[in-house]
Q: 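Before I ask anything, here is the structure I am working with.
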Amino acid sequence: MHVILLGTGAGGGLPQWNCGCHNCRAARARGRGRTQSSVAVSADGKRWVLLNASPDLRTQLAAHAPFWPEKLRDSRIRAVVLTDGEIDHTLGLLLLREGTSRMPVYAPSGVAALLAGPWPLTTVLEPYSGIDVRPLPPRRPAALADADGGSLDLTCTTVPLGRRPPRYASGATSGDLEVGLRIHDPATGGSFAYVPVAAAVDDDVCALAAGADLLCFDGTFWSDAELHDLGIAAPSARAMGHAPLGGPDGSLARLAHVGAKRTVLVHINNTNPILATDSPERAQVTAAGVEIGEDGMDFTL
Ligand code: MLT
Ligand code: MN
Ligand code: ZN
């Protein structure tokens, strides 16, 4: 299985358009930042599945040759799997509207309901190429397939991690709204756990991560009051459904014990001090044996 980290930033990316924090200023000066959270996986390097579809999708697909068409109309993206209904993980569906067939979109039950209601991408995309929302029942491997039902030679198992609705649908409570994914390649035995949003490192995360060749995990915030401490009026990390990395109760201390062979942080917010090359927080991540994801990192599992 091939895995490419398309984008490793949280919502807003790095730099974020209206942010003048230390990391955003440094990214502008360097001329290099992070696009918003998404991963591509493929059994054969030709037919790809997007795990979440970010607002930066166009740039992300242009950046990697495996996605470039070889014919006049040629989609290397054969399906999309969603972990949640947040804008940074779904807005890219709009950017696939030029497709020539209905895009399969695998979604947990609560997310499918969001796409049919308060975030009406199903309706909006219908006059374009349309999306075919397919259910992802929890804790059962689903064989991923393309628009014609052809196997993509990967299975996807979801584990529900939370029921926190996105801000645009704060009343939504039904169905699974946040899941982690375990992608399995039956041909190689390779396994990939993808958990970009996690409120805790609990038994459910362990179920996803145990024995995985690669775990990509929620690296959004270092501390619970990170935004507040910078003077930004915003909820705490935990209130936003993201376990902070740092501190005795933080996720970093637990990640070494979840049983993944390699752990890489993704969905990293622009305010997170681990992004500063010389920060003590970054040194703690490295000392814990955890890697900080970068856009364009690739893996073969
Ligand atoms: C999140 O991950 O908490 C959301 O994507 C935040 C947002 O961008 O609105
Ligand atoms: Mn997000
Ligand atoms: Zn910033």
Side-chain angles (χ1 to χ4, degrees), residues 5-39 50-57 60 80-94 107-108 110-111 114-115 118-119 121 161-170 172 177-181 194-200 216-245 251 265-277 279 281-282 293 295:
L5 306 191
L6 298 179
T8 56
L14 172 80
Q16 178 176 309
W17 68 281
N18 63 343
C19 189
C21 78
H22 172 84
N23 291 331
C24 286
R25 281 186 283 121
R28 287 187 193 98
R30 217 175 33 236
R32 193 165 54 83
R34 287 168 187 269
T35 62
Q36 293 166 85
S37 174
S38 176
V39 173
L50 289 179
L51 308 183
N52 294 321
S54 110
D56 299 315
L57 183 60
Q60 293 169 340
V80 180
V81 179
L82 301 175
T83 60
D84 55 74
E86 292 288 346
I87 289 175
D88 59 345
H89 281 163
T90 54
L91 190 133
L93 292 174
L94 293 170
V111 176
L114 294 175
L115 297 180
W119 181 213
L121 297 190
L161 295 180
R163 294 204 161 188
R164 183 191 58 124
R167 260 201 261 182
Y168 64 75
S170 53
L177 288 160
E178 291 170 331
V179 301
L181 309 178
Y194 179 54
V195 185
V197 181
C216 283
F217 189 80
D218 182 345
T220 312
F221 297 112
W222 178 261
S223 56
D224 196 35
E226 186 165 311
L227 297 176
H228 177 264
D229 289 349
L230 286 167
I232 301 165
S236 71
R238 290 188 196 280
M240 292 169 78
H242 299 286
L245 289 163
S251 54
L265 299 177
V266 296
H267 195 277
I268 305 168
N269 198 54
N270 50 68
T271 51
N272 193 323
I274 67 171
L275 294 180
T277 47
S279 69
E281 292 87 354
R282 190 183 187 93
D295 288 20

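One-based numbering, in listed order, for ligands and for the atoms of each.
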Q: Identify which one of L181, L115, L51 satisfies the side chain to side chain contact (heavy atoms under 4.5 Å, CB included) criterion when paired with L82.
A: L115
Q: Testing the basics here: between H267 and G11, what is the closest heavy-atom pair and its distance to 0.1 Å?
A: NE2-N, 4.2 Å
Q: So, D88 and the Mn ion (ligand 2): N/O/S under 2.8 Å, yes or no?
A: yes
Q: Would H89 count as a contact for the Mn ion (ligand 2), in the sense that one of its N, O or S atoms lies under 2.8 Å from it?
A: no
Q: Considering non-hydrogen atoms of the protein only, which is the closest contact for atom 9 (O) of ligand 1, and what is the distance?
A: E86 OE1, 4.0 Å
Q: Side chains of L121 and L94: does their closest heavy-atom pair fall under 4.5 Å?
A: yes
Q: Which atom pair, heavy atoms only, marks the closest approach of T35 to G7?
A: OG1-CA, 3.2 Å
Q: From H22, does some N, O or S atom reach closer than 2.8 Å to the Zn ion (ligand 3)?
A: no
Q: What residue and atom, counting heavy atoms only, is the protein's closest point to atom 8 (O) of ligand 1, and at what distance?
A: G11 CA, 3.7 Å
Q: Once the angle between the rings of Y168 and W119 is folded into 0 to 90°, is it parallel (under 30°), tilted (30 to 60°) or perpendicular (over 60°)?
A: tilted
Q: Under 4.0 Å, heavy atoms only, figure out whether ligand 1 is touched by the backbone of H267, its side chain, both or neither.
A: side chain
Q: Angle at the Zn ion (ligand 3), SG of C21 to SG of C24, rounded to 10 degrees, please.
A: 110°
Q: List the steps, then state whether side chain to side chain contact (heavy atoms under 4.5 Å, CB included) holds for C24 with L14.
A: CA-CA 6 Å; C24 286; L14 172 80; 4.0 Å; yes
Q: Out of R164, H242, H89, who gets a non-hydrogen atom closest to atom 2 (O) of ligand 1?
A: H242
Q: Determine, step by step, whether L91 and S54 satisfy the side chain to side chain contact (heavy atoms under 4.5 Å, CB included) criterion, reporting the C-alpha distance in whole Å, the side-chain angles of both residues, the deciding distance to 0.1 Å, and the verdict.
A: CA-CA 6 Å; L91 190 133; S54 110; over 6 Å; no
Q: For ligand 1, is there an atom lying under 4.0 Å from some heavy atom of D88?
A: yes
